[in-house]
Trainee: 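My questions will all concern the structure given below.
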2 protein chains.
Amino acid sequence: MTNKPPLPDFDLSHFTPYRLAVAADRTSEELARQYRARFGVSIPEWRVLVHLAKPVDGAQTVSVRDIEARVAMEKSKVSRAASRLEAAGLIVKAQDAGDRRLVRLALTDKGRALMADLLPLAMAYQQEIEARLADAFAGLEDGLEALLREVSAR
Amino acid sequence: MTNKPPLPDFDLSHFTPYRLAVAADRTSEELARQYRARFGVSIPEWRVLVHLAKPVDGAQTVSVRDIEARVAMEKSKVSRAASRLEAAGLIVKAQDAGDRRLVRLALTDKGRALMADLLPLAMAYQQEIEARLADAFAGLEDGLEALLREVSAR
DNA sequence: TTGACTTCATTGCATATGCAACGAATATTC
DNA sequence: GAATATTCGTTGCATATGCAATGAAGTCAA
């Protein structure tokens, strides 16, 4: 048996991008389990809804472009999520009066009602994470803060 | 204009599952840019390769099942990644002699050569992250450690 | 104003994905 | 040891995704 030259000793389980991916998957999944069955909302849809529930400044509505930028999703993903949400009667799309290229998205009453149920659920999950991590949470926050600042810079 | 009851004030940008997802996306992407074009390897394929490059214990080969468990990917994803890698001549699949349901995966010489290039690249990226985060890195590690322990428990 | 660029959102297309179903092999139970 | 249940890996299928191309609208410069 030929003895191959050894490969560098690399430990995937301590590789930061990998750990982040697993942590993200597991937490998103843990939360999604709570609302998917009950409300029939996917993760991309949830992100759009959350963004609409919290208009920045005084803005009543938001464009696809805004969401793409702030929510870290491709615009086609946003567009499709928005279409599904519209079909479900949770949001409405309207042409912006000033710039007719823009599509302004806004929650319907039904959408608002849904979010009134959904948001507390998410907030409770956040509390749960903080409680479960205890002291380690602050460090995680700082680390994520620094990392996000770094990788979004370019 | 009717004044709707206000929704809870929820800040997506400080929601841990969301931050983790963004951080994971960005870092994976930043790294993938370095090897995808050069080596034609996707992220699922890369994960399988890494796992094969580091046999646990003395094991020379690994089954799809092993990878599914340790690498946090669906078995169909692993299976398909493995098929592509086999087609590319980077790994070989063989029936396990003892339990003929198992498929043992192993790097070919070509696969080993690829990993000899790829692993240093990943290790350098890890160094880079640690350097860029400086003091915040330790906290991130502790936080991820605690979080992964928590969410994989059940 | 006209014509060249840019921006916005959607869509076509090829590929990737998750899930359930399947066939083959093994384990378990009686 | 026969029947049943479970495990392993692959695949069919419906859906989701990324990317490029498109069309519509707006901007800019001369």
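A note on names: the letters A, B, ... follow the listed sequences, proteins ahead of strands, and every chain is numbered from 1.
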Trainee: Which whole-number value in Å describes the distance from A:Arg36 CZ to C:dG18 P?
Mentor: 11 Å
Trainee: How close or far is atom P of C:dT10 from atom CG of A:Leu102, stated in whole angstroms?
Mentor: 11 Å
Trainee: On DNA chain C, does the nearest nucleotide to A:Lys93 precede the nearest nucleotide to B:Ala97 from the 5' side, or the other way round? Give the residue.
Mentor: A:Lys93
Trainee: Contact list please: residues 73-85 of chain B against DNA chain D, heavy atoms, distance less than 4.0 Å, in numerical order.
Mentor: B:Lys75, B:Ser76, B:Ser79, B:Arg80
Trainee: With distance as the sole test, does B:Thr27 use its side chain to make a donor-acceptor pair with the main-chain N or O of B:Ala23 at under 3.5 Å?
Mentor: yes
Trainee: Rounded to whole Å, please give me the gap between CG in B:Asp99 and P in D:dT6.
Mentor: 17 Å
Trainee: For A:Arg100 and D:dG23, give me the distance from atom CZ to atom C1', rounded to whole Å.
Mentor: 14 Å
Trainee: Give the rounded distance in Å between these two atoms: CD1 of A:Ile67 and P of C:dC8.
Mentor: 14 Å
Trainee: What do the steps show when you test A:Val92 against A:Leu105 for side-chain contact (heavy atoms from CB on, under 4.5 Å), and what is the final call?
Mentor: CA-CA 6 Å; A:Val92 286; A:Leu105 306 178; over 6 Å; no
Trainee: Any donor-acceptor pair under 3.5 Å linking the side chain of B:Arg19 with the backbone of B:Ser13?
Mentor: yes
Trainee: How close do B:Ile67 and B:Leu52 get, heavy atom to heavy atom, and via which atoms?
Mentor: CD1-CD2, 4.4 Å
Trainee: Considering just the side-chain nitrogens and oxygens of B:Arg101, establish if one lies under 4.0 Å of OP1 or OP2 belonging to C:dT26.
Mentor: no
Trainee: Without decimals, in angstroms, what is the distance between B:Gln95 CD and C:dT26 C1'?
Mentor: 13 Å
Trainee: Using the salt bridge (Lys or Arg N to Asp or Glu O under 4.0 Å) rule, collect all pairs that involve residues 5-15 of chain B, keeping only residues at least two apart or in two chains.
Mentor: none
Trainee: Roughly, in whole Å, what's the span from CZ in A:Arg65 to C1' in D:dA25?
Mentor: 15 Å
Trainee: Quick check on DNA chain C: between B:Ser42 and A:Glu29, whose nearest nucleotide comes earlier from the 5' end?
Mentor: B:Ser42
Trainee: Round to a whole Å and report the spacing from CD of B:Glu68 to P of C:dC19.
Mentor: 12 Å
Trainee: If every non-hydrogen atom of B:Gln34 is compared with every non-hydrogen atom of B:Glu30, which pair is closest and at what distance?
Mentor: CG-O, 3.7 Å
Trainee: Where do A:Glu29 and A:Arg36 land on the salt bridge (charged side-chain N to carboxylate O under 4.0 Å, His left out) test, with the steps shown first?
Mentor: CA-CA 10 Å; A:Glu29 192 50 39; A:Arg36 191 156 36 209; 2.6 Å; yes
